[in-house]
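Please read the structure below before turning to the comments.
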Amino acid sequence: MQQKRNIQIIEWEDLDKRKFYSFGLFMTMAIRATVYPATLIRTRLQVQKGKSLYTGTYDAFCKILRSEGLRGLYRGFMVNTFTLISGQAYITTYEVVRNYVSNYSKDNTLKSLLAGGSASLVAQSITVPIDVISQQLMMQGQGEHLTRFKVKPKSSGAKPSMSFGQTRDIIAQIFAADGVRGFYRGYVASLLTYIPNSAVWWPFYHFYAEQLSKMAPSDCPHLLLQAMAGPLAAATASTVTNPMDVVRARVQVEGRTSVIETFNQLIREEGFWGMTKGLSARIISSTPTAIVMVVGYETLKKLSLRPELVDSRHW
C-alpha cells in the first residue's frame with residue numbers, strides 16, 4: 001500500500017480472496033444486466049451502413065423498444081452472461097500482474113497500464129467466442145438483414161422466444177460456415193480494441209481520482225471521488241479506441257477476415273466520421289458502467305479486506 005497517496009489503493013495482498021470472488025460474481029452480473037441494452041444498440045449502430053436503419057442512439061432505442069419490446073433490448077443476454085467467467089479472469093489477472101510489477105516498479109501508471117493490458121488479453125481470449133454468438137443474436141430483429149446468420153423461423157402458431165434454441169441454431173450455423181475459427185472471428189480486432197482500452201482506462205482512472213482528491217475537501221469520501229473518476233476515464237478510453245471497436249464489430253458480424261481491409265473500406269465509404277459510429281452509445285453505456293464498476297469494485301475490495309486491515313483504510 002502506498003501511504004503517500006491521497007487515495008489509498010487496496011492491493012492484491014490486502015484481500016481475503018474467498019470474499020473477493022464470492023462478492024465479485026454478483027457485482028459483475030449486476031453490471032452486465034445494467035448496460036446490456038446500450039451494448040446492443042452500439043452494435044447495431046456500428047454495423048449498419050450509414051444511417052440506413054437508425055439515425056442515432058436515441059432513435060435506435062425508441063425503434064427497438066417499439067418494434068421488439070423490452071425483450072428486444074436483451075437479445076443474446078443469456079449467452080452474454082457466460083462472460084462472467086472472463087470478468088473474473090480479468091479481475092484476477094489485473095490484480096496479480098499489478099502486484100507482480102510492483103516488485104520492480106512503484107510507478108502507479110506503469111503498474112496500471114501493464115496490468116490493464118494483460119487483463120484484457122486474458123479476458124478477450126475467453127470473451128470473443130461469446131461475443132461472436134451474442135452479437136449475431138443482437139442483430140436478429142430489425143438488424144437481421146445485416147448479418148450472415150439468421151434464426152430459423154418457428155412453425156406457425158409457435159410462441160416466439162429468446163431461448164437457447166436460437167442460440168443453438170446460431171452456433172450450428174457459425175460452425176457449419178467457418179468451423180471453430182468462426183468463433184474467433186475478430187479476435188485480433190478485439191485485442192487491438194480492448195487491450196488499449198483497458199491499458200488506457202486504469203492509468204486515467206487513477207490520474208483523475210488523484211486530481212479530484214486535490215481539489216476536494218479533505219473529508220470528502222474517497223468512493224465519491226472514485227465514482228467521478230471512473231466515467232472520465234471511460235470517456236477518454238472510449239474516444240481513443242472507438243475506431244477499432246467499429247472495425248471489430250463489422251468483422252465479427254459481417255464475417256470479414258481482414259482488419260485492414262475492413263478499416264480501409266469503412267474510410268472509403270463513410271469517411272472519418274465512420275470511425276465515430278456508436279461512440280455516443282459507447283460513452284453512454286460506459287458512463288453508468290464505469291460508475292457501477294468503480295463503486296462496486298472499490299466496495300468489493302473494501303468488503304474483501306483482511307479483517308486486521310478493515311479499520312486502517314479511509315472510506
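Heavy atoms only: backbone and side chains are in, while hydrogens, waters and symmetry mates are out.
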With sequence neighbours excluded, residues passing ring-ring contact (aromatic ring centres under 6.0 Å, His included) with Tyr194:
none
Within a reach of under 6.0 Å around NZ of Lys51, are more than 12 heavy atoms found that belong to other residues, nucleotides or ligands?
no
Any idea which heavy atoms bring [X] and [Y] closest together, and the distance?
{"X": "Glu68", "Y": "Arg44", "value": "OE2-NH1, 2.8 Å"}
{"X": "Ala89", "Y": "Ile126", "value": "CB-CD1, 3.8 Å"}
{"X": "Asn197", "Y": "Ser238", "value": "OD1-N, 3.8 Å"}
{"X": "Leu232", "Y": "Thr236", "value": "O-OG1, 2.9 Å"}

Could you list the donor-acceptor pairs under 3.5 angstrom formed between side-chain atoms of residues 29-41 and any protein atom two or more places apart in sequence or on another chain?
residue, atom, partner, partner atom, Å
Arg32, NE, Thr83, OG1, 3.3
Arg32, NH2, Thr83, O, 3.4
Thr34, OG1, Ala30, O, 2.8
Tyr36, OH, Arg75, O, 2.4
Tyr36, OH, Gly76, O, 3.4
Tyr36, OH, Phe77, N, 3.4
Thr39, OG1, Val35, O, 3.3

Is it true that Glu13 and Arg306 make a salt bridge, defined as a side-chain N closer than 4.0 Å to a carboxylate O?
no
So, using side chain to side chain donor-acceptor pair (under 3.5 Å) as the criterion, who are the partners of [X] when residues are at least two apart?
{"X": "Tyr58", "answer": "none"}
{"X": "Ser125", "answer": "Tyr187"}
{"X": "Asp59", "answer": "Thr55, Lys63"}
{"X": "Tyr205", "answer": "Glu298"}

Test side-chain contact (heavy atoms from CB on, under 4.5 Å) applied to Ile174 - qualifying residues, sequence neighbours left out
Val132, Ile133, Gln136, Phe149, Ile170, Phe183
Between Trp12 and Tyr100, is the ring centre distance below 6.0 Å?
no
Just by distance, no angles: are the side chains of [X] and [Y] close enough, under 3.5 Å, to form a donor-acceptor pair?
{"X": "Ser198", "Y": "Tyr90", "value": "yes"}
{"X": "Thr57", "Y": "Ser280", "value": "yes"}
{"X": "Gln173", "Y": "Asp169", "value": "yes"}

Salt bridge (charged side-chain N to carboxylate O under 4.0 Å, His left out) involving [X] - partner list, sequence neighbours excluded:
{"X": "Glu261", "value": "none"}
{"X": "Arg181", "value": "none"}
{"X": "Asp245", "value": "Arg42, Arg248, Arg282"}

Kindly indicate whether a cation-pi arrangement holds for Lys111 with Trp202, taking the cut-offs as under 6.0 Å to the six-membered ring centre and within 45° of the axis.
no
My understanding is that a hydrophobic cluster links ILVMFWY residues whose side chain heavy atoms are under 4.5 Å apart, including indirect links. Using that, what else belongs to the cluster containing Phe263?
Val188, Leu192, Met244, Val246, Val247, Val251, Val259, Leu266, Ile267, Met275
Apart from Trp273 itself, what residues make up its hydrophobic cluster, given side-chain heavy atom links below 4.5 Å?
Phe272
So Asn242 and Gln46, do their side chains get closer than 4.5 Å, heavy atoms only?
yes
